[in-house]
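What you see is a predicted model; the values in this text were computed from it and never measured. Order of listing sets the numbers, starting from 1, for every ligand and every atom in it.
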Amino acid sequence: MAKVKTTFFCQNCGSQYSKWQGQCTACKEWNTIAEEVLQKPEKSDWKTPTSTNKKRVSKPLLINEIDASQEARMQTGDAEFNRVLGGGIVPGSLTLLGGEPGIGKSTLLLQIALKLPYKTLYISGEESQKQIKMRAERINPNSNNCYILTETKTQNIFKQIEELEPDIVVVDSIQTLHSDYIESSSGSISQIKECTTELIKFAKETATPVVLIGHITKDGNIAGPKILEHMVDTVLQFEGDRNHVFRILRANKNRFGSTNELGIYEMQGSGLREVSNPSEILISKKDEDLSGNAISATLEGMRPLMIEVQALVSTAVYGTPQRSATGFNAKRLNMLLAVLEKRAGFRLGAKDVFLNITGGITVDDPAIDLAVVAAILSSNEDVSLPRDYCFAAEVGLSGEIRPVQRVEQRILEAEKLGFSTIFVSKYNKISLKNMTIKIQLISKIEDLVGFIV
Ligand code: TYD
Ligand code: MG
C-alpha cells in the first residue's frame with residue numbers, strides 16, 4: 001500500500017509545515033496547526049481528461065495593444081450588487097462573498113441568480129434542490145435561466161458545467177466543496193485551496209465568472225486560509241444585525257473597482273429588497289419633537305447616509321453611573337462625555353448615559369461625534385432639537401469642532417432630504433453656492449450649547 005502523505009497546515013493563516021509545532025511561525029497563533037492528508041495530484045485540472053476544451057494560451061502583449069473593452073461587465077439586474085462590484089460582474093472573475101451564518105448570503109446570491117439574464121448554474125452543497133426551490137418560490141417564482149445543482153465534488157461539478165456551459169456559476173459554499181485530488185475532508189485548508197485553484201483555472205480559461213460563498217470564523221474573518229482572499233479577485237462582505245432588517249454589502253477587496261462603494265438591502269419576507277435611498281428609512285418620521293434625538297450626516301463608504309442618534313441621560317441610581325452605547329464605540333462615548341464635562345461644564349459624572357444608533361447600524365465615521373454630543377445635551381436639558389437640524393463634525397479633546405472629509409457631499413444630501421440647517425466645523429472649506437440649507441459654522445463645543453440650551 002502506498003504511504004499516505006500528510007502535511008501540517010496552520011488553520012489560521014494557511015502556512016504549511018512538514019511537522020507539527022505548537023506555534024505557527026508565520027502568524028504566531030498557538031495551537032492552530034493540524035495534520036491533513038495530502039495526495040499530490042498527478043495533474044490537478046478542472047477538466048475531465050476526455051475534455052476537448054481548448055486552452056487559451058497566454059502571450060505577452062504590449063500594454064497599448066491590449067483590448068480593454070473585452071472586460072465588458074455583466075449586469076446582474078441588482079443595482080446595489082452592480083454598484084459594489086464596480087459596475088457589474090467581470091467575465092472570468094472570482095468573487096467571494098463572506099458573512100455570518102443566517103445573514104442572507106444564500107438568499108442574496110439565489111435572488112441574483114434568479115434575476116440574471118444569463119444562463120446561471122447555482123451549485124449548493126448545503127441545501128437540497130427542494131429547499132432551494134422553496135426559497136426561490138418566495139423570492140421570484142418565474143425564472144427560466146437558473147439551474148440548480150446539489151453537488152460537492154468538484155470533478156462532478158465540472159462534468160456538469162461542461163455539459164451545461166453556463167454563463168455564470170455560483171457556489172454555496174466553498175467550505176462544502178471537495179476535490180478528489182486531495183484526501184483531507186471538506187472545509188480543511190488544503191481542500192479549500194485546491195477547490196479554489198480549480199475554480200480559478202476554470203474561470204480564467206473559460207471567462208466564466210464564479211461567485212463563491214464563504215463562511216466566516218467567530219472573529220469575522222473568512223474561514224480558511226488567508227490566501228483564499230488573495231486568490232480571488234473580489235472579496236465582498238455581507239453584514240448587519242440579524243435582529244434588524246438592514247444588511248450592508250461591502251467590498252473588502254476589488255481588483256476591478258473601488259472598495260468604497262456599498263450596497264444596502266432590507267430583509268423582507270420575499271427576499272432582500274434593494275434600498276436605493278437609505279436615509280429616508282433610517283430617520284424615523286415623527287410629528288412630535290422628542291428630546292435626545294439628533295441626526296447625523298455620515299458617510300458609509302462613498303454614500304452619504306443620514307443616521308439618527310438617540311441619547312438618554314438620567315440620574316444615576318447606583319454609585320457608578322452606567323454608560324452604554326449601541327452601534328457606537330463606548331470608549332469614544334466616554335471621551336465625548338469627558339469633553340462635555342471639562343469644556344462645557346456639564347455635570348454628567350453622576351448621570352447614566354445610554355446611546356443608540358437607530359436601524360442596527362454600526363458607525364465609525366468620526367463625523368457622527370457632533371450629533372452624539374447634540375443628542376446627549378438635548379436629553380440632559382430635556383429640550384428637543386428641531387427635526388430639520390442635522391450635524392456633521394468631529395469633536396476633539398479640547399472641545400474644538402473639527403472638519404470632516406467630503407463635507408460638501410453631506411451638505412448636498414442634507415439639502416436633498418429637506419433639512420433646514422446643518423452644523424459643520426468652521427474649518428471645513430466649503431465652496432457651495434446658492435444653497436437653500438443654512439450652513440451653520442461652529443468652532444467649539446460652547447457654540448453648539450448656545451443653539452441647544
Ligand atoms: P440565508 O440566506 O439562509 O443565510 P446564510 O446563507 O447567510 O446563512 O438567510 C437566512 C435568513 O434569512 C433566515 O433567517 C430567514 C431570512 N429570510 C427572510 O427573512 N426572507 C426570505 O425571503 C428568505 C429567503 C430568508
Ligand atoms: Mg446559506
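Residue-and-atom listing of protein N/O/S atoms under 2.8 Å from the Mg ion (ligand 2), sorted by chain and number: S106 OG.
Under the ring pair (Phe, Tyr, Trp, His ring centres under 6.0 Å) criterion, Y389 pairs with F423, not counting sequence neighbours. Under the salt bridge (Lys or Arg N to Asp or Glu O under 4.0 Å) criterion, R406 pairs with no residue, sequence neighbours left out.
A donor atom on one side chain and an acceptor atom on the other are not found under 3.5 Å apart for H178 and E183. At a cut-off of 3.5 Å, with distance as the only test, no side-chain donor of T120 or N145 sits close to an acceptor on the other residue. Side-chain atoms of Q11 and E36 include a donor-acceptor pair closer than 3.5 Å. Judged purely by distance below 3.5 Å, without hydrogens or angles, the side chains of S173 and E126 pair a donor atom with an acceptor atom.
Ionic pairing of D180 and K153 is present here: one or more N-O contacts between side-chain nitrogen and carboxylate oxygen are shorter than 4.0 angstrom. Classification of D78 and R83 as a salt-bridged pair fails, no side-chain N sitting under 4.0 Å from a carboxylate O.
At a 4.0 Å heavy-atom cut-off, the residues surrounding ligand 1 are E100, P101, G102, I103, G104, K105, S106, T107, R135, R138, M267, Q268, G269, S270, G271, listed by chain and number.
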>> For Y147 and Y122: C-alpha separation, side-chain torsions, deciding distance, then whether ring pair (Phe, Tyr, Trp, His ring centres under 6.0 Å) applies.
In response: CA-CA 6 Å; Y147 293 80; Y122 184 98; over 10 Å; no

